[in-house]
Amino acid sequence: MKKILSFSLLLMTGLVLSQLLPSVLGESYGELKHMVEVALGVCLAFIMINVGREFEIDKSNVKVYVKDYFVAMFAAAVPWLLIAIYYIFALMPSEWWGSGDAWKETLLLSRFAAPTSAGILFSMLAAMSLQKSWIYQKAQTLAIFDDLDTIILMVPLQVAMIGELNWQMVAMLVVIFGLFVVGWRYMSRFKMRQTWFAIFTYAVLVYGATYLVYVVTHHFFGAKGAIHIEVLLPAFIFGMVIKNKHMSGKREERAATTISMIFMLLVGMSMPLIDMSGASHVGEGESLVASIPMMSGWEIALHVVAVTILSNIGKLVPLFFYHDRSFTERLALSIGMFTRGEVGAGVIFIALGYNIGGPVLLISVLALVLNLVLTVGFVSIVKYLALKSEKQSKCKVVEVA
């Protein structure tokens with residue numbers, strides 16, 4: 001519980017610092033911002049390598065995963081689309097409802113609600129001694145597919161954000177396709193050191209490689225011709241090809257948690273300055289969504305609650321599948337997937353790179369914070385439902401006997 005609350009507190013602390021530091025540091029703030037972006041990229045790579053390490057499937061029997069993948073895909077797509085539609089029709093002027101730019105920006109930003117936090121979910125269920133339960137095993141599969149689906153769908157969204165088709169985009173798509181091929185062909189193939197420090201080193205190298213591609217192409221072709229491959233996919237594929245060795249111990253867990261906490265703080269610190277004057281303007285290079293005038297505190301709060309409710313309603317998809325299990329088990333599984341965390345925050349970080357700001361960004365960040373705080377309640381509900389399901393199963397066994 002402390003971990004979940006710490007994530008929320010650090011994200012909010014970073015948000016406050018993002019508003020205070022520019023005026024305090026003045027011209028030197030630009031250097032700090034660059035350092036924050038680099039640190040964010042490395043931390044995100046570390047998190048995604050660990051997510052990739054957890055992606056283990058039996059390639060000789062792929063059919064058994066088809067249903068789980070489609071359930072996970074719908075569980076990721078429904079909250080994403082619900083929030084995108086809400087952003088368009090509840091927050092945008094009516095003249096923007098048919099705007100392609102408005103849709104692609106909101107579709108990118110609202111993707112933060114898609115991924116379930118695998119780390120929080122697994123540790124939560126393990127703490128309740130549910131590792132051998134159907135709920136735990138199914139949640140483990142769905143959460144990983146959930147993250148995979150998020151990563152896959154980020155590719156066309158980023159392509160849409162870039163817009164024009166040129167050789168740089170073609171090169172980026174070839175690299176992305178090549179990464180998927182490598183990940184599938186060499187899944188769990190390579191034995192490598194997997195201490196937290198080793199994984200952090202891999203994260204630095206992966207981020208360094210993506211950053212080097214950007215720097216070199218920027219040098220030769222300028223800002224418009226630069227190739228920027230987000231670290232999300234390369235880091236996931238890197239983790240995917242490692243033969244996973246589950247590292248246990250307080251030191252390993254403490255290090256991974258610390259890096260995740262630093263990441264949440266840095267995401268908050270990356271937020272742009274919030275204009276509370278309510279003025280509507282579009283700066284140079286700024287997105288359309290960023291030009292929406294700032295709202296009052298009460299309006300922001302109401303939208304945050306609405307987005308949180310919609311995102312969690314969308315996660316109830318597993319409730320309508322797995323009819324061979326009890327309603328109680330399916331409900332517990334669905335509520336367990338309400339948890340959000342680092343990957344969702346990573347999507348917000350990527351959206352920042354496209355200058356998406358304004359009240360929509362603020363609502364997304366605060367909705368993530370609220371969902372993290374509510375995770376304590378979600379844990380209690382899942383625990384109650386899991387214990388209830390266990391009692392029901394024992395009663396059926398007794399009746400049969």
Enclosure of [X] [atom1] (heavy-atom neighbours >12, cutoff 6.0 Å):
X: Tyr29; atom1: OH; result: yes
X: Lys67; atom1: NZ; result: yes
X: Phe70; atom1: CZ; result: no
X: His34; atom1: NE2; result: no
X: Met192; atom1: CE; result: yes
X: Glu31; atom1: CD; result: no

Hits for salt bridge (Lys or Arg N to Asp or Glu O under 4.0 Å) against Arg189, two or more places apart or cross-chain, chain-then-number order -> none
Applying salt bridge (Lys or Arg N to Asp or Glu O under 4.0 Å), name anything that partners Arg111, two or more places apart in sequence or on another chain.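 Salt bridge (Lys or Arg N to Asp or Glu O under 4.0 Å) check on Arg111 returns Asp149.
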Stepwise side-chain contact (heavy atoms from CB on, under 4.5 Å) test for Trp196 and Thr258: CA-CA 11 Å; Trp196 76 266; Thr258 300; over 6 Å; no
Would you check if [X] and [Y] make a side-chain contact, meaning some heavy-atom pair closer than 4.5 Å?
X: Ile49; Y: Phe236; value: no
X: Leu9; Y: Met264; value: no
X: Phe200; Y: Thr195; value: no
X: Ile335; Y: Tyr384; value: no
X: Leu91; Y: Pro359; value: no
X: Trp184; Y: Leu179; value: no
X: Tyr322; Y: Leu333; value: yes
X: Phe46; Y: Val204; value: no

Rounded to the nearest 0.5 Å, how far apart are [atom1] of [X] and [atom2] of [Y]?
X: Ile309; Y: Leu370; atom1: CD1; atom2: CG; answer: 9.0 Å
X: Ile237; Y: Ile176; atom1: CD1; atom2: CD1; answer: 10.5 Å
X: Leu361; Y: Leu366; atom1: CG; atom2: CG; answer: 9.5 Å
X: Trp80; Y: Leu108; atom1: CH2; atom2: CG; answer: 10.0 Å
X: Leu331; Y: Ile381; atom1: CG; atom2: CD1; answer: 8.5 Å
X: Phe89; Y: Trp96; atom1: CZ; atom2: CH2; answer: 14.5 Å

Indicate the atoms forming the closest heavy-atom contact of [X] with [Y], along with that distance.
X: Ala72; Y: Leu142; answer: CB-O, 3.6 Å
X: Val42; Y: Ala203; answer: O-CB, 3.6 Å
X: Thr308; Y: Asn371; answer: CG2-OD1, 3.4 Å

Before giving the answer on side-chain contact (heavy atoms from CB on, under 4.5 Å), spell out for Phe180 and Leu233 the whole-Å C-alpha distance, their side-chain angles and the decisive distance to 0.1 Å. CA-CA 9 Å; Phe180 278 119; Leu233 178 61; 3.7 Å; yes
Run the side-chain contact (heavy atoms from CB on, under 4.5 Å) test on Leu205 and Phe238 for me, step by step, so that the C-alpha distance in whole Å, both residues' side-chain angles and the decisive distance to 0.1 Å come before the verdict. CA-CA 11 Å; Leu205 294 174; Phe238 190 94; over 6 Å; no
Where the side chain of [X] meets the backbone of [Y], is there a donor-acceptor pair that is under 3.5 Å apart?
X: Trp97; Y: Ile88; value: yes
X: Gln194; Y: Lys243; value: yes
X: Ser334; Y: Leu319; value: yes
X: Thr257; Y: Arg254; value: no

Verify the ring-centre separation between Tyr86 and His303: is it less than 6.0 angstrom?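 Yes, the ring centres sit under 6.0 Å apart.
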Residue pairs passing the salt bridge (Lys or Arg N to Asp or Glu O under 4.0 Å) test where at least one lies in residues 311-326, sequence neighbours excluded: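 The answer is Asp146-Lys315, Arg325-Glu329.
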Apply side-chain contact (heavy atoms from CB on, under 4.5 Å) to residues Phe263 and Leu10 and explain how you reach the verdict. CA-CA 9 Å; Phe263 175 73; Leu10 288 167; over 6 Å; no
